[in-house]
Amino acid sequence: MQVRLLGTIDVTVDAVHRPVHGVRRKAVLAALAIRPGEVVSTDRIADVVWGADPPATAVNTLQRHVSHLRQVLGRRDAILARAPGYVLDLLGDGTDAAVAERLIRQAGEAADRAEAVRHLRAALALWRGRPLEDVVGRAWLDVEAERLENLWLLAQHALAEHRLHLGEHAELIPDLERLTRDHPHDERFHAHLMLAQYRAGRPADALATYQRVKRAFDDDLGLDPGPALRDLEAAVLRQDASLDLAPPPVTVRATGPAQLPSAVRGFTGHAGLLDRLDVLAGESGGTAVVCTVTGPPGAGKTSLAVHWAHRAAGGFPDGRLYVNLRGFDPRAAAVDPGEALRGFLDAFHVPVDRRPAGLDAQASLYRSILNGRRVLIVLDNARDAEQVRPLLPGAPGCLVIVTSRDRLTPLVAAEGAHPFPVGPLTEVESWDLLAARLGPPRVAAEPDAVGEIVARCGRLPLALAIVAAHAVVSPDAPLAAQAAQLRAAAGGLDPFDGGDAATDVRAVFSWSYRALDEPAARLFRLLGLHPGVDFAAPAAASAAGVASVEPLLRSLLRANLLTEHRPGRYRLHDLLRSYAYEQCVEDERGPALRRLLDHYLQSARAAVLLLDPGRSAVDVPSPAAGATTVAFADRDRALEWFAAEHAALLAAVDLGAGHGFDRHVWPLAWSLTTYFDWRGHWDELIATQTAALTALRRVGDRSAAAHTHRDLGRTFAQLGRFAEAALHLNAALNLYGDLDDVVGQARTHHNIGWMLQAQGDHRAALTHSSESHRLFRSAGDRLWQARTLNARGWLHGQLGEHEHSLRLCESALALLQELDDGHGEAGTWDSIAYAHDQLGDHAAALECYRRSIDTFARLGDRGAEADVLVNLGDSHAAAGDHDRAERAWRTALAAFEALGHPSVETARSRLRTRTPAVP
């Protein structure tokens with residue numbers, strides 16, 4: 001049994017067509033079939049059938065309609081009475097609309113384009129005309145009909161795109177010509193047609209299509225086609241190679257993610273533990289198998305886990321996942337479980353827009369993906385059980401290995417994890433490790449030296465591996481000489497002090513360090529001061545105060561004291577970092593820390609002033625001799641630098657605060673606010689500004705404290721934390737007043753105005769914005785005069801004074817364009833668009849919104865770009881283009897979710913209602 005909605009409303013039972021007679025009966029059936037399995041109230045059904053004025057007999061008449069429909073459906077229980085109305089109980093895909101939605105969804109998940117085309121064609125074949133066409137004029141059903149029509153459009157677009165990729169250019173042209181005739185303002189159909197004509201060897205026809213749509217847009221809308229169509233015309237004119245059909249990609253069919261790092265060459269030892277893991281891998285049970293590999297640093301936990309994972313990989317055909325959780329990294333924050341989850345979802349190619357918000361929801365999706373699969377998961381260097389729990393699968397078939405310095409007792413108690421404590425190797429295993437690295441003959445030739453090396457390394461695999469590495473690069477040196485050096489350099493690295501010299505690895509690190517020449521050794525010990533997870537060459541040069549650092553970095557790489565984990569980014573192992581820090585003498589530490597902080601401060605200041613020229617530069621301490629400043633060619637390079645150095649910059653703020661460099665802390669925090677704001681890192685913005693405020697109180701810098709209060713207030717206002725915002729903004733205003741800082745007062749009034757308008761008090765906000773504008777004018781600051789003129793215009797628009805708003809904002813725009821203030825210009829285009837929208841000129845509004853979005857995107861301000869996308873969607877909806885409105889809102893939602901932006905619910909609410917916001 002199936003109810004057919006994609007055309008006239010009727011029913012099929014056992015492939016036999018059964019018509020439904022009577023418009024009102026069809027309306028009742030449609031109201032129930034649109035929501036199969038859900039209770040639809042009698043009030044809603046009555047409103048659908050009779051409108052706002054149902055007859056007094058509506059309830060009895062509705063009962064008779066339901067009785068008749070039960071006969072047509074062939075089952076009395078097909079429609080059940082459920083308070084406060086009725087529910088249509090259909091089995092499986094009970095409506096043709098549900099079948100179509102399922103097929104379109106399967107097309108999106110298809111393994112290849114040919115399969116997607118089959119699903120889409122099957123879906124589109126179900127449409128027999130306008131959905132619900134014989135119950136037109138009923139508001140609720142008209143909304144559903146429009147939704148189904150938009151679904152048809154989406155399917156047509158997807159089908160055209162897949163067929164273009166499959167090379168069906170000529171065959172596709174007649175279909176696209178029909179679609180462009182039926183939908184003359186759909187730019188995507190025209191773009192598909194132009195591309196099909198070009199690829200079919202008909203470039204003149206493609207250009208004629210563009211001219212035709214351009215005339216139609218001008219005649220009907222008073223607009224030019226959008227930038228995508230204009231760019232396509234230009235590409236056709238120059239016969240751009242990008243328009244040609246790309247050759248089919250070479251595909252490699254993998255069984256699943258393969259994220260395991262390389263196994264350690266010559267791994268030996270722990271045979272009993274490996275055998276136990278083999279046994280557990282063969283167990284099914286009622287849940288996933290969790291194993292905890294725990295022990296002291298240097299015991300080889302990661303080596304053991306990765307070695308066994310490679311050995312057992314064949315038993316997990318659906319993939320092998322790996323993440324380093326950095327639980328005990330002394331200089332870097334542990335990996336957030338949400339970040340690790342997102343990495344695993346990436347590994348399974350889950351699109352960003354298909355991921356739910358929130359850790360719990362993402363963990364649920366992750367477990368759903370793993371359900372029924374055999375996947376091996378290695379969670380390396382975990383901090384504690386809480387960091388691990390969201391990453392555990394819930395169904396049998398998967399095996400998890402967790403390595404940690406923590407014993408992870410809660411996982412054993414609550415999750416039934418199998419504990420695998422790892423200690424030093426046995427004597428025999430230690431000899432086997434050295435033999436695997438150096439060759440059995442060399443080890444057998446010097447048994448006494450090998451015995452002493454094993455003893456002085458405490459049988460720790462990491463220490464043994466370092467000794468073996470040095471022996472490999474010095475093949476002519478006797479092992480007895482190395483044993484003597486270990487003996488002479490005996491000491492204790494505090495984290496690995498087992499109570500006697502036999503369990504101390506400091507001697508091993510000492511041997512590597514002393515083999516360096518002095519410039520490389522100096523760089524090594526100074527790198528122990530670096531606060532970040534990793535670093536680039538300019539930071540290393542600043543630490544050492546040298547102009548050319550690359551030869552020294554290569555020396556450390558050769559000595560295995562440094563790794564280049566990706567091009568241009570270097571990292572010290574945490575144990576080596578600790579050792580390097582110990583070697584740095586006090587006289588070296590202060591100057592090196594100053595140079596490092598100067599490097600990050602001067603580079604960040606240069607980058608932020610390039611990103612946002614509207615920011616007034618602040619005074620910073622003069623850089624020490626030897627500190628390197630990064631030069632940026634353009635805004636993109638500045639943004640890339642902030643992204644790469646994100647963790648190091650955060651750590652630098654803490655480093656400055658903890659080592660007495662208070663006058664570096666505030667300008668460094670100030671330099672980070674634009675990047676953190678544009679990328680949605682508001683918690684980090686608040687943390688760094690709070691650290692800056694504490695440092696400023698120590699040095700008594702009231703002017704800088706006023707700036708910091710203002711940045712904190714502005715950020716709290718963005719997050720909707722208005723009480724905290726007001727406290728900081730009022731504190732800033734009082735300080736600026738005491739200091740007679742007119743510009744500071746002006747900026748603070750501007751921020752207070754923004755906070756008040758966010759709370760809906762537009763009249764009070766206008767008072768502060770007007771005062772801000774007056775103060776900037778008196779100070780001669782033309783750029784901020786223009787920005788605050790836009791703010792005043794926006795507020796007049798919120799108060800319903802749209803013509804006045806438009807005049808003010810257009811004046812602001814002219815000045816901002818003269819001053820080349822991209823960020824201010826982007827915000828003003830948004831204000832102008834809103835005024836046009838409210839004055840009924842939707843075409844002008846859409847063009848202005850697009851300009852705002854394009855400019856914010858170019859600048860890298862993702863939050864502002866998403867805000868304007870919401871406004872663009874509202875404008876499309878007001879103009880009746882609900883398909884484009886939904887696309888804009890969905891794009892905004894994805895951006896808000898990626899940023900953790902407080903406006904995420906705004907976009908969701910638009911998508912739920914599919915109606916424009918009420919001004």
Side-chain angles (χ1 to χ4, degrees), residues 34-35 101 104-105 108 139-154 157 185-188 226 351-358 361 680 718-720 757-760 762 794 797-798 800 802 826-827 829-854 856-857 861-919:
I34 286 294
R35 299 285 187 269
E101 290 184 281
I104 292 169
R105 185 171 61 253
W140 189 60
L141 293 182
D142 283 348
V143 171
E144 292 298 328
E146 185 176 8
R147 180 182 69 84
L148 294 171
E149 284 189 321
N150 288 333
L151 186 67
W152 179 87
L153 277 172
L154 288 172
H157 284 304
H185 300 139
D186 191 311
E187 295 187 32
R188 290 180 65 192
V352 173
D353 60 0
R354 299 281 302 278
R355 302 178 189 180
Q718 283 183 285
L719 295 173
Q757 72 91 21
Q759 295 173 276
H762 300 113
W794 169 259
Q798 299 303 300
H802 304 300
W829 278 121
D830 179 46
S831 302
I832 293 172
Y834 179 79
H836 280 307
D837 238 345
Q838 301 307 306
L839 292 169
D841 191 348
H842 299 303
L846 291 172
E847 180 61 26
C848 294
Y849 280 134
R850 289 192 184 103
R851 291 193 179 200
S852 176
I853 290 165
D854 291 345
F856 277 132
D861 190 342
R862 295 174 182 170
E865 179 188 355
D867 281 332
V868 184
L869 276 165
V870 173
N871 299 338
L872 175 68
D874 292 347
S875 187
H876 278 308
D881 193 342
H882 297 288
D883 181 42
R884 282 200 175 96
E886 183 172 346
R887 287 203 298 273
W889 292 332
R890 288 197 184 281
T891 305
L893 176 61
F896 286 144
E897 288 178 337
L899 293 170
H901 198 286
S903 296
V904 67
E905 188 53 39
T906 301
R908 286 198 187 119
S909 67
R910 297 291 201 279
L911 290 167
R912 282 196 295 267
T913 60
R914 288 175 57 86
T915 58
V918 178

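Both backbone and side-chain heavy atoms feed into the values below; hydrogens, waters and symmetry mates do not. This one's a predicted model, so the numbers in the text were calculated from it and none came from an experiment.
- For the atom pair E149 CD and D142 CG, the distance stands at 9.5 Å (nearest 0.5 Å).
- A 4.5 Å side-chain heavy-atom check between Y849 and D830 finds at least one atom pair inside the cut-off.
- The minimum heavy-atom distance linking S875 with A845 is given by the pair OG-CB, 3.8 Å.
- Note that the CD atom of E146 and the NE2 atom of H882 stand 4.0 Å from one another [nearest 0.5 Å].
- The two atoms that bring A866 and A892 nearest to each other are O-CB, 3.5 Å, heavy atoms only.
- By the 30° and 60° cut-offs, the orientation of the rings of W794 relative to Y834 is tilted.
- The heavy-atom pair separating S909 from T906 by the smallest distance is OG-O, 2.7 Å.
- Put simply, CD1 on I104 and CG on L151 are 3.5 Å apart, with the number rounded to the nearest 0.5 Å.
- The CD atom of E905 sits 4.5 Å away from the CZ atom of R912 when rounded to the nearest 0.5 Å.
- Donor-acceptor pairing under 3.5 Å is lacking for the side chains of D881 and H842.
- The two residues F856 and G827 come nearest to each other via the heavy atoms CZ-N, 3.6 Å.
- For the pair F896/V870, a side-chain contact is recorded, criterion being any heavy-atom separation below 4.5 Å from C-beta on.
- Looking at heavy atoms from C-beta onward, L846 lies out of side-chain contact with R884 at the 4.5 angstrom threshold.
- Taking the charged nitrogens against the carboxylate oxygens, E101 and R105 have no contact shorter than 4.0 Å, which rules out a salt bridge.
- Separating the CZ atom in R890 from the CZ atom in R908 is a distance of 11.5 Å, to the nearest 0.5 Å.
- In this structure, D861 and E865 have side chains that are not in contact, with every pair of non-hydrogen atoms separated by 4.5 Å or more.
- Here the closest non-hydrogen pair linking H802 and A835 is O-CB, 4.0 Å.
- For R887 and D883, the salt-bridge test passes: some basic side-chain N is under 4.0 Å from an acidic carboxylate O.
- At least one donor-acceptor pair closer than 3.5 Å links the side chain of E187 to the backbone N or O of G226.
- Under the 4.0 Å criterion applied to side-chain N and carboxylate O atoms, E886 and R147 are not assigned as salt-bridge partners.
- Between the CG atom in D874 and the CH2 atom in W889 there is a gap of 5.5 Å [rounded to 0.5 Å].
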